[in-house]
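Have a look at the structure below, then the notes.
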Amino acid sequence: MAVVILVYSKWLPVNPTTVGFTFLLIVLIVSASWGLRYAIFVAVLATAGYNYFFLPPLYQFTIADPQNWVALFAFLFTAVVGSELSEKARREAAQSNQRRSEVERLYAFSQQLLVSDNVFGLLNTIPKYIVDCFGVTGAAMFVEAKRETYFFDPSSQSTFPVEQLKAISGRGEPVLDREHRICYMPLRMGVRSVGALGLAGCDLSRETLEAIGSLAAIAIERASTVETLTRTEASRESDRLRSILLDSVTHEFRTPLTAIKASAETLLSDVQPEKSDKPQLDKSQRADLLTVINEECDRLNRLVGEAAEVAQLDSHQLEFHFEPHSIRDAIDMALQQSRAALQHHPVDVKISENLPLLKMDVARISEVLVHLLENASKYSPPDTPIHVVAELRLGGEVVTSVADHGPGIDDIEQDMIFEKFYRGRSQRTSIQGTGMGLAIAKAIVELHGGTIGVRSQVGRGSVFYFTLRAD
């Protein structure tokens with residue numbers, strides 16, 4: 001104001017109208033920048049300066065021409081009205097920015113609730129999300145279904161009494177203490193209250209608080225629903241696995257037990273000839289029966305071992321001894337252990353030269369190969385070859401594969417073949433097995449940090465392969 005008066009009165013003579021518009025512009029700028037109170041003060045100051053320096057008689061607070069009174073009051077009125085309009089526009093812009101900011105924070109809050117991977121831990125993190133997104137100093141949430149209270153930090157427990165949160169949840173009415181900046185909101189799903197929320201350092205609008213409450217209520221219901229579905233699914237899966245296990249184990253145990261029982265009864269009848277009218281067994285026949293008993297006992301022992309190994313792998317209780325070994329060591333060991341199963345199949349082994357050493361439990365990897373070799377022999381016609389190949393893949397992985405000439409596996413079953421107790425639909429009644437071998441193989445390979453898979457063509461055979469990364 002002083003600069004305008006100095007310039008216009010000393011160096012740049014102008015008419016009173018120009019001065020009035022300049023002062024009016026200054027008043028509007030002050031109103032837009034600082035608000036109505038400052039603008040009114042500047043308007044009064046401008047009116048006094050306008051009268052004293054530019055309306056005759058100059059340098060006196062009097063006006064000679066009555067028309068100048070009209071001009072002076074018109075200027076003052078215009079300055080005040082313009083200031084009020086400018087202040088109103090500024091207020092609305094500030095409110096609009098605040099609403100936009102709250103909407104952006106609500107969106108960020110909803111995204112954090114929706115993309116959270118750990119649904120079960122979500123309830124513990126909701127107060128933290130609210131503090132991070134909305135800039136409040138503390139938060140607490142009471143969940144009606146669990147009868148538990150979740151706090152942003154331990155210091156919030158003194159700020160939000162649990163009984164107050166329970167009362168808000170029970171009444172379903174918000175309590176907004178603007179003086180102490182503490183807000184309580186019920187969490188509602190329709191007409192049903194699922195809990196209560198407390199915020200400290202809260203300057204949020206009621207609409208935003210209600211939106212926060214609705215989002216938190218939806219998150220609580222989502223966590224509760226997922227928990228219920230998970231328990232139901234776990235119970236259903238447990239019943240399914242129990243049924244499959246009992247069916248598989250009962251069938252597989254009954255076959256060797258029947259053979260053992262029949263062989264033992266035949267031997268007993270030979271020992272007690274008075275209880276049997278059959279001729280006595282010769283030495284070779286007794287040896288065959290004892291061989292059957294021995295082999296079936298080994299089979300029973302293996303079945304029990306596989307079941308125990310599946311349980312240990314699921315609970316991560318199986319110990320591994322990782323040492324640098326060549327994949328050839330595991331292949332040779334597996335071929336030695338599978339001699340009986342492979343006696344009707346020629347085995348073609350191709351191992352690339354200069355393969356790197358692999359950090360592995362050689363006994364466990366040989367067990368994987370035993371399962372793959374025995375599966376190949378079981379599902380392939382007699383006298384068809386089985387191919388074992390080990391080679392280095394780009395990227396430093398050693399790929400070991402076992403190929404057969406069996407009936408093949410269709411695309412649907414390829415996705416399920418490594419599940420526990422699953423057996424092919426067309427062979428599950430004609431070929432013995434429990435469906436545990438490939439599941440054990442998959443678990444062992446994955447615990448080595450590798451992958452296992454199958455490529456197959458119906459009527460042409462299958463290739464089971466697994467990868468291990470070199471040191």
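Sequence positions, counted from 1, serve as the residue numbers for this chain.
Proximity of a side-chain donor or acceptor of S352 to a complementary backbone N or O of A390 within less than 3.5 Å is detected. The backbone N or O of G449 sits nowhere less than 3.5 Å from a side-chain atom of R469 that would complete a donor-acceptor pair. Formation of a donor-acceptor pair under 3.5 Å by the S169 side chain with backbone atoms of L165 is not found in this model.
Between R328 and D332, no side-chain nitrogen of the basic residue sits less than 4.0 Å from a carboxylate oxygen of the acidic one, so the salt-bridge criterion is not met. Under a 4.0 Å N-O distance rule, the pair K378/E374 does not qualify as a salt bridge.
Put simply, CZ on F464 and CZ on F418 are 5.5 Å apart, with the number rounded to the nearest 0.5 Å. Rounding to the nearest 0.5 angstrom, the gap separating the CG atom in L197 from the CG atom in L209 is 8.0 Å. The structure places CD of E391 at 12.5 Å from OH of Y465, a figure rounded to the nearest 0.5 Å. The line from NZ of K442 to OG1 of T451 is 10.5 Å long, rounded to the nearest 0.5 Å. Taken to the nearest 0.5 Å, the NE2 atom of H325 stands 4.5 Å off from the CD atom of E323. Remark: M333 CE to S338 OG distance equals 11.5 Å, nearest 0.5 Å.
Partners of E144 according to the salt bridge (Lys or Arg N to Asp or Glu O under 4.0 Å) rule, which considers only residues two or more places apart in sequence or in another chain, are R147. By the side chain to side chain donor-acceptor pair (under 3.5 Å) test, R455 pairs with no residue at all, sequence neighbours left out.
Considering all non-hydrogen atoms of both residues, F160 and G198 come closest at CE2-C, 3.3 Å. Heavy atoms only, all atoms of each residue included: L468 and M360 are closest at CD1-SD, 4.1 Å. In terms of heavy-atom proximity, L176 sits nearest to C183 at CD2-CB, 3.7 Å. Between C202 and V136 the shortest heavy-atom distance is CA-CG1, 4.2 Å. In plain terms, the two heavy atoms of S380 and G406 that are nearest each other are OG-N, 3.8 Å. In plain terms, the two heavy atoms of A334 and S366 that are nearest each other are CB-O, 3.5 Å.
The shortest distance between side-chain heavy atoms of E221 and V194 falls below 4.5 Å. E210 is listed as a side-chain neighbour of M185, based on a closest heavy-atom distance under 4.5 Å. Put simply, the side chain of S326 reaches to within 4.5 Å of the side chain of L357, judged on heavy atoms. Residues F320 and I444 meet the side-chain proximity criterion, which asks for heavy atoms closer than 4.5 Å. The closest side-chain heavy-atom distance from M141 to V143 is below 4.5 Å. A heavy-atom distance below 4.5 Å is not found between the side chains of Y150 and T125.
The number of heavy atoms from other shown groups lying within 6.0 Å of CZ (F41) does not exceed 12.
With respect to Y8, the side chain to side chain donor-acceptor pair (under 3.5 Å) criterion is satisfied by exactly one of N15, T18, T22: T22. A side-chain contact (heavy atoms from CB on, under 4.5 Å) with L372 holds for exactly one of T400, D404, V402; it is V402.
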Apply side chain to side chain contact (heavy atoms under 4.5 Å, CB included) to residues T208 and F134 and explain how you reach the verdict. CA-CA 10 Å; T208 301; F134 297 96; 4.2 Å; yes
Apply side chain to side chain contact (heavy atoms under 4.5 Å, CB included) to Y184 and D177, showing your working. CA-CA 8 Å; Y184 292 94; D177 186 354; over 6 Å; no
Check against side chain to side chain contact (heavy atoms under 4.5 Å, CB included), I327 and I365: CA-CA 9 Å; I327 192 64; I365 295 300; 4.2 Å; yes
Would you sort out whether I5 and F23 count as a side chain to side chain contact (heavy atoms under 4.5 Å, CB included), showing the intermediate values? CA-CA 9 Å; I5 292 172; F23 283 162; 3.7 Å; yes
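Sorted by first and then second residue, the salt bridge (Lys or Arg N to Asp or Glu O under 4.0 Å) pairs involving residues 148-164 (not counting sequence neighbours) form an empty list.
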